[in-house]
Amino acid sequence: TLFFADAAGQPDSIRVQMTLMQYLRQGDPNVWKQTIDHAHATNPKCPTPIREMAYFFITMGQFDEAERYARLGLEIRESDHPDIIDQRAELHLLLARALEAQNRFPEAEQSLREAVEIAEIDPKFPDPRKRTDLGAFFRRTGKPQDAKREFRTVRRKTPKFLPAWDQSL
């Protein structure tokens, strides 16, 4: 297990561990998992290590475990940990990826729709990434008209967001 301290000298702070996990995504998966496990053990109600574990298992192709961790993260209430508000949409996205990989397309679509709904709660700061992910899901699952509708919605709401290959929609 790796141990680090943040600028204030707090050992094993969640912020330090999450920064380390971002770095470890590029390196040894065993060290990455050890670090996530340690962060989760340090603060079991924090959604960040749980989200990271779901991402880890998706990366490793273990979609049933990824699903389990994404669902575990979605069970966290705001009263348990305030960070869940910011991470709920991302957990739905990870759940959708795990479900899609298991060919559970209706469930994956529902989870993506929930991610979009959460990401678009604040109209002043819309997050078009989740709707773009929904459009990409429709493309992958043979629903080009649905994909086009989602990409057009993104273009209408946030015209500078879509990559050039989708600007023609």
Side-chain angles (χ1 to χ4, degrees), residues 1-102 104 106-137 150 154 157-158 161:
T1 304
L2 300 173
F3 298 93
F4 292 86
D6 65 13
Q10 297 298 312
D12 301 323
S13 75
I14 294 297
R15 185 177 51 145
V16 169
Q17 291 177 28
M18 300 326 301
T19 301
L20 177 62
M21 282 182 227
Q22 295 293 327
Y23 172 76
L24 290 173
R25 285 182 179 183
Q26 306 296 324
D28 182 354
N30 294 319
V31 176
W32 180 21
K33 185 167 183 316
Q34 273 186 337
T35 305
I36 300 168
D37 286 338
H38 180 71
H40 182 58
T42 303
N43 191 348
K45 298 260 187 197
C46 180
T48 307
I50 295 170
R51 183 206 68 218
E52 197 68 17
M53 192 66 84
Y55 183 80
F56 172 81
F57 283 118
I58 286 171
T59 303
M60 297 290 110
Q62 297 177 18
F63 303 112
D64 55 337
E65 283 296 299
E67 176 187 355
R68 186 171 76 79
Y69 276 95
R71 289 189 190 283
L72 179 66
L74 289 168
E75 291 174 6
I76 297 172
R77 296 181 312 267
E78 187 178 342
S79 60
D80 294 333
H81 202 286
D83 286 354
I84 191 60
I85 296 168
D86 297 331
Q87 298 196 36
R88 196 169 297 282
E90 187 66 22
L91 285 161
H92 274 292
L93 177 64
L94 291 168
L95 177 59
R97 287 181 182 164
L99 293 168
E100 181 183 355
Q102 297 173 65
R104 294 164 57 193
E107 291 173 87
E109 181 179 337
Q110 180 58 38
S111 194
L112 281 166
R113 288 186 184 284
E114 290 179 39
V116 168
E117 183 178 321
I118 292 166
E120 294 181 351
I121 285 175
D122 188 347
K124 293 179 186 175
F125 301 102
D127 181 356
R129 294 172 295 177
K130 304 306 182 270
R131 187 172 293 278
T132 302
D133 288 334
L134 181 59
F137 168 80
E150 296 304 327
V154 171
K157 289 183 174 187
T158 51
F161 179 77

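Count residues from 1 along the sequence.
Rounding to the nearest 0.5 Å places CG of L93 at 11.5 Å from CZ of F137. A distance of 9.5 Å separates OH in Y55 from CD in E90, rounded to the nearest 0.5 Å. The distance from atom CD of Q102 to atom CD of E107, rounded to the nearest 0.5 Å, is 8.5 Å. Atom CG of L74 and atom CG of L94 lie 9.0 Å apart (nearest 0.5 Å). Here CD of Q34 is found 8.0 Å from CG of D37. Values are rounded to the nearest 0.5 Å. Within the model, atoms CD of E67 and CG of L99 stand 5.0 Å from one another, a figure rounded to the nearest 0.5 Å.
Within the 3.5 Å criterion, the main-chain N or O of I58 finds no donor-acceptor partner in the side chain of Q62. Counting only distance, with no hydrogens or angles, the side chain of S111 and the backbone of H92 share a donor-acceptor pair below 3.5 Å.
The shortest side-chain heavy-atom distance between P128 and K157 does not fall under the 4.5 Å cut-off. In this structure, the side chains of L91 and I84 come closer than 4.5 Å at one or more pairs of heavy atoms. Counting only heavy atoms from C-beta outward, the side chains of E150 and T132 never approach each other to under 4.5 Å. Side-chain contact between M53 and I50 is absent, with no heavy-atom pair separated by less than 4.5 Å.
Of all the heavy atoms in A89 and A119, the pair that sits closest is CB-N, 4.4 Å. Smallest separation of non-hydrogen atoms from L112 and A96: CG-CB, 3.5 Å. Residues K45 and I76 share a closest heavy-atom pair of O-CD1, 3.5 Å. Residues F56 and K33 share a closest heavy-atom pair of CE2-CD, 3.4 Å.
The aromatic rings of H40 and Y69 stand perpendicular to each other, their planes meeting at an angle above 60°, with 30° marking the opposite boundary.
A donor-acceptor contact under 3.5 angstrom links the side chains of Q87 and T48, judged on distance only.
One finds no salt bridge joining E100 and R104 here, because no Lys/Arg side-chain nitrogen approaches an Asp/Glu carboxylate oxygen to under 4.0 Å.
Of the residues R131, R129, K130, the one that meets the salt bridge (Lys or Arg N to Asp or Glu O under 4.0 Å) test with E120 is R131.
Residue-environment remark: CD (E117) stays at or below the threshold of 12 foreign heavy atoms within 6.0 Å.
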